[in-house]
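In the text below, chain A, chain B and the rest are named by the order of the sequence lines, each starting its count at 1.
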Amino acid sequence: MTTKLTTAQMAWRAAQDIDDGAYVNFGIGLPEMVARFQPPGREAIFHTENGILGFGKAPEPGEEDWDLINAGKKAVTLKPGTAFFHHADSFAMVRGGHLDVAILGAYEVAESGDLANWSTGPKGVPAVGGAMDLVHGARQVAVITDHVTRDGKAKLLTRCTLPLTGVACVTRIYTNLAVIDIADGHFVLREKLPSLSLDDLQAITGATLHLTGPVGVLIAPEL
Amino acid sequence: MTTKLTTAQMAWRAAQDIDDGAYVNFGIGLPEMVARFQPPGREAIFHTENGILGFGKAPEPGEEDWDLINAGKKAVTLKPGTAFFHHADSFAMVRGGHLDVAILGAYEVAESGDLANWSTGPKGVPAVGGAMDLVHGARQVAVITDHVTRDGKAKLLTRCTLPLTGVACVTRIYTNLAVIDIADGHFVLREKLPSLSLDDLQAITGATLHLTGPVGVLIAPEL
Amino acid sequence: MDKTVATLAEAVAGIKDGAVVMIGGFGGSGAPVELIHALIDRFLATGHPGGLTVVNNNAGNGHVGLAALIEHGMVGKLICSFPRSADPVVFTETYLAGKIKLDLVPQGTLAERIRAGGAGIPAFYTPTGFGTDLAKGKPVEVFDGRPYVQERWLKADVALIKAEVGDRLGNLTYRMAARNFNPLMCMAAAHTIVQVSRIVPPGGIDPEQVITPGIFVQTVVQVPHPAQEEDLNRAKAVYPEINP
Amino acid sequence: MDKTVATLAEAVAGIKDGAVVMIGGFGGSGAPVELIHALIDRFLATGHPGGLTVVNNNAGNGHVGLAALIEHGMVGKLICSFPRSADPVVFTETYLAGKIKLDLVPQGTLAERIRAGGAGIPAFYTPTGFGTDLAKGKPVEVFDGRPYVQERWLKADVALIKAEVGDRLGNLTYRMAARNFNPLMCMAAAHTIVQVSRIVPPGGIDPEQVITPGIFVQTVVQVPHPAQEEDLNRAKAVYPEINP
């Protein structure tokens, strides 16, 4: 029985790829956790859609200032060098290619790089937020997601079945089982859990996993 | 012999039409002089393309700060309530319809409202500046100009002969002989010097002057 | 020139039935709660204004501010990017009952459309939304080999804005991330109404620090200690209070 | 992360032959005179970079700054709105001799094209220039009954910027109307090089007062008492001085 990565371990793994000095935007939810695992000695700068660059960690409970929040409406703090700006300037940063990395959640990712992460279908109240903007503009668009749905269905597919967030936009996927790049319309396996065979991983992946070199070992510390 | 208005008197006349609280942009040259004749009790706010709203008069010689200049590169001063902003915001004010009045110079104005004020033809170095932006967006685009050229040729025409700055943009013309509105593709005479007959004025105007009511008396104080 | 008025009631008196009303804020941050409540007061007293089209990033939270505006049936249509919140019950029920129309716009496109409205740019192209349901029916053009969606400007009759410091000329500063959509909406509305925590004389704001120059503002009203929507919701507030 | 470098020479070392270089300023106000002169020094020492395409509102004044860059034959093409000044002799003679190309753009369109380049907007529509020679050949589209010209974004390889205060993260403030095109050009260049009068530690600029957030800046160099182009010209300065 394979021990999947925990969400914290997935976030840790994604954090290892963020360079010193990188400008990063984290989607709401699991992607936000990546900020916690910034490797020592590296200083990435965090961007939030609602107009802050270079914010710090969450305040202590009771210390919140509700004019100092992130895109998920959670309280954050100032750091030396923080800057405030309005929403059009904020999305100029996004759309204009100034972010190095955006890390987002996903319902489905296709081998083409298509992403579906905003709508599970026509029922209920639709909501999109900044997801469709974030998938365009950041130099790298990474997804962090469980490898399969709660029902065990593949989330990595030849083609998305849910409404798209963006076309051909995802460049890397961090799952609880593997790290996969998207290149030339293919999933390229970079790392997998050592206890998991390639065949078993392929069996729960909805499109072919390509290999372009040795597959690395996906490991993360206990967190 | 008719005594034409001096440039100061033309500027004075134009200034009488600027309401309290109006946001105004003055073109380089003669239009800038209009700022000097703001009627007492009225507070108009002056905009300059290079990113100042609400600047004050020229400083004393030797007191200039060359980071505090207008679009004509002349030194201005601060007033309480001045604001600085960048060039895109500055032209958002222009293009976005936020200025009440732009007062510009002219080589030629057509009865259609077409304006030619940036190029006298293909020779030399062409230069346009902000003129083409200013003619669109301001709620009223007024021109201040001698009624005829130095050679005595008409500047108010059925059709401009020089390269256009803008199409159907001018709404009012202040000359040294008359005040003329443009409405429905016609010159409508509002005021003329009392000593000048309508026939004499028409003779030096390149398109028909229409009357839609009594013609006012164009008078200005000695200045 | 003096753009200040003495009361919230006076500030919102001119808003007409059917008006397009931009409301600043991102969630509760930067939301002009007192202006919205003044508009509700007017509606409760006079039956007007109704049938509003509201432009906001969200759709209200709890039973105060924008949520209360919707709960009182004053909003016929909402243009927003994210109609969800910690307590979205008012919008959700109104929407699922078919009593409010929703025009969903990606957040960056919403911001840029509002800026375009303020800047006199009738249309622009963006990569955002290409190939998705939200771009269906919109013109697409390829530039430098990449497809982009054409989006139109967004303008409003009125903007309701929360700022921090203002002067009688309408110059404004904001407070931290409460800035968000507020400066853009100031630009895009024919009549921009601003609540500020503090009115200072002209010159009281350093000209370098003016975020919204007064040309974009028509009305300023002082609200010295504005409510934070998040605090109201944590206190389970409902507007207007039934037992005040 | 530290974007500061110690010398002007280091700051401009990476600019390549044929680069598109945006240069901030409106006339002399906000013009990065020392960065331009450092680039001339490099050219005099190495013969590079040449064949530059420069984007600036003007075309230089006298024989310093941008005028000197042109005078040394480093500029193959200029994109600007107003190539005139108190002493335009350098550009005028170079242009009339056919040694420099000129792309004349209305000033507001120039500003908006640069902002669009920085904001990822490949094209937009403006009323400016419709029906004039400067819009010839450009697509026209009618919105709400009014014709508009389609304009494309403008991007650069490098921007040379003058700011007032900066920190190692690249956050910037400007001085009065020296702001002008500078913040826009920071956004539109792949590599933005800024001279500041003063470098402060992060936090030394109030986060409310940052005009250019550091994300738009790659290199910062301190020039404590920058020359004002207007003062140089009144002193009839020529760069480099023949008798220093």
Side-chain angles (χ1 to χ4, degrees), chain A residues 18-25 38-56 65 67-69 76-102 130 132-139 141 166 169, chain D residues 1-4 22 111-124 153-157 159 163 165-174 179 182-192 199-220:
Chain A
I18 300 175
D19 292 332
D20 184 38
Y23 290 92
V24 189
N25 182 295
Q38 199 165 185
R42 291 192 215 166
E43 180 189 18
I45 308 266
F46 303 146
H47 168 268
T48 182
E49 293 94 307
N50 53 314
I52 320 178
L53 194 67
F55 58 87
D65 184 322
D67 285 339
L68 190 57
I69 59 174
V76 296
T77 51
L78 293 174
K79 275 173 61 174
T82 302
F84 298 119
F85 35 86
H86 62 51
H87 243 85
D89 282 349
S90 183
F91 280 89
M93 294 176 190
V94 173
R95 210 192 296 106
H98 304 283
L99 293 174
D100 294 292
V101 191
M132 285 192 185
D133 305 281
L134 282 166
V135 297
H136 297 289
R139 288 181 198 121
V141 176
C169 52
Chain D
M1 185 193 288
D2 188 353
K3 299 179 180 178
T4 63
M22 290 180 176
E112 190 67 13
R113 288 178 63 192
I114 296 167
R115 183 203 174 261
I121 303 291
F124 60 89
W153 63 14
L154 204 50
K155 296 188 179 206
D157 300 304
V165 181
D167 65 25
R168 67 170 169 80
L169 303 172
N171 293 308
L172 305 176
T173 68
Y174 299 89
R179 192 182 298 190
N182 281 299
L184 307 174
M185 290 178 171
C186 286
M187 298 169 66
H191 193 103
T192 293
I199 292 175
V200 297
I205 304 172
D206 180 338
E208 301 282 6
Q209 296 172 26
V210 172
I211 301 301
T212 293
I215 193 170
F216 297 128
V217 171
Q218 281 69 43
T219 299
V220 178

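- A pairwise comparison of heavy atoms in H98(A) and M187(D) identifies CE1-O, 2.9 Å as the closest pair.
- Taking all atoms of both residues into account, the shortest heavy-atom contact from L53(A) to G214(D) is CD2-N, 4.3 Å.
- Taken from CE in M1(D) to CD1 in I45(A), the straight-line distance is 4.0 Å, to the nearest 0.5 Å.
- Between R95(A) and A119(D) the shortest heavy-atom distance is NH1-O, 2.8 Å.
- The greatest number of non-hydrogen atom pairs below 4.5 Å with chain A, out of Q209(D), K155(D), R168(D), is found for R168(D).
- In this structure, P80(A) and P202(D) approach most closely via the heavy-atom pair CB-O, 3.3 Å.
- Annotation: maximal heavy-atom pairing with chain A below 4.5 Å, among G170(D), G118(D), P201(D), occurs at G118(D).
- Within the 4.5 Å cutoff, the side chain of E208(D) has no heavy atoms near those of the T82(A) side chain.
- For chain D, no part of A44(A) is nearby; none of its heavy atoms comes within less than 4.5 Å.
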Assess whether side-chain contact (heavy atoms from CB on, under 4.5 Å) is satisfied between L169(D) and E43(A), documenting all intermediate values.
CA-CA 11 Å; L169(D) 303 172; E43(A) 180 189 18; 4.1 Å; yes
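- Per-residue heavy-atom pair counts under 4.5 Å with chain A were compared for G120(D), P207(D), G203(D), and the maximum is reached by P207(D).
- Annotation: maximal heavy-atom pairing with chain A below 4.5 Å, among I205(D), D206(D), V200(D), V210(D), occurs at V210(D).
- Minimum heavy-atom separation, D167(D) to G81(A): OD2-CA, 4.3 Å.
- Here the CZ-CD1 distance, from F85(A) to I215(D), works out to 7.5 Å after rounding to the nearest 0.5 Å.
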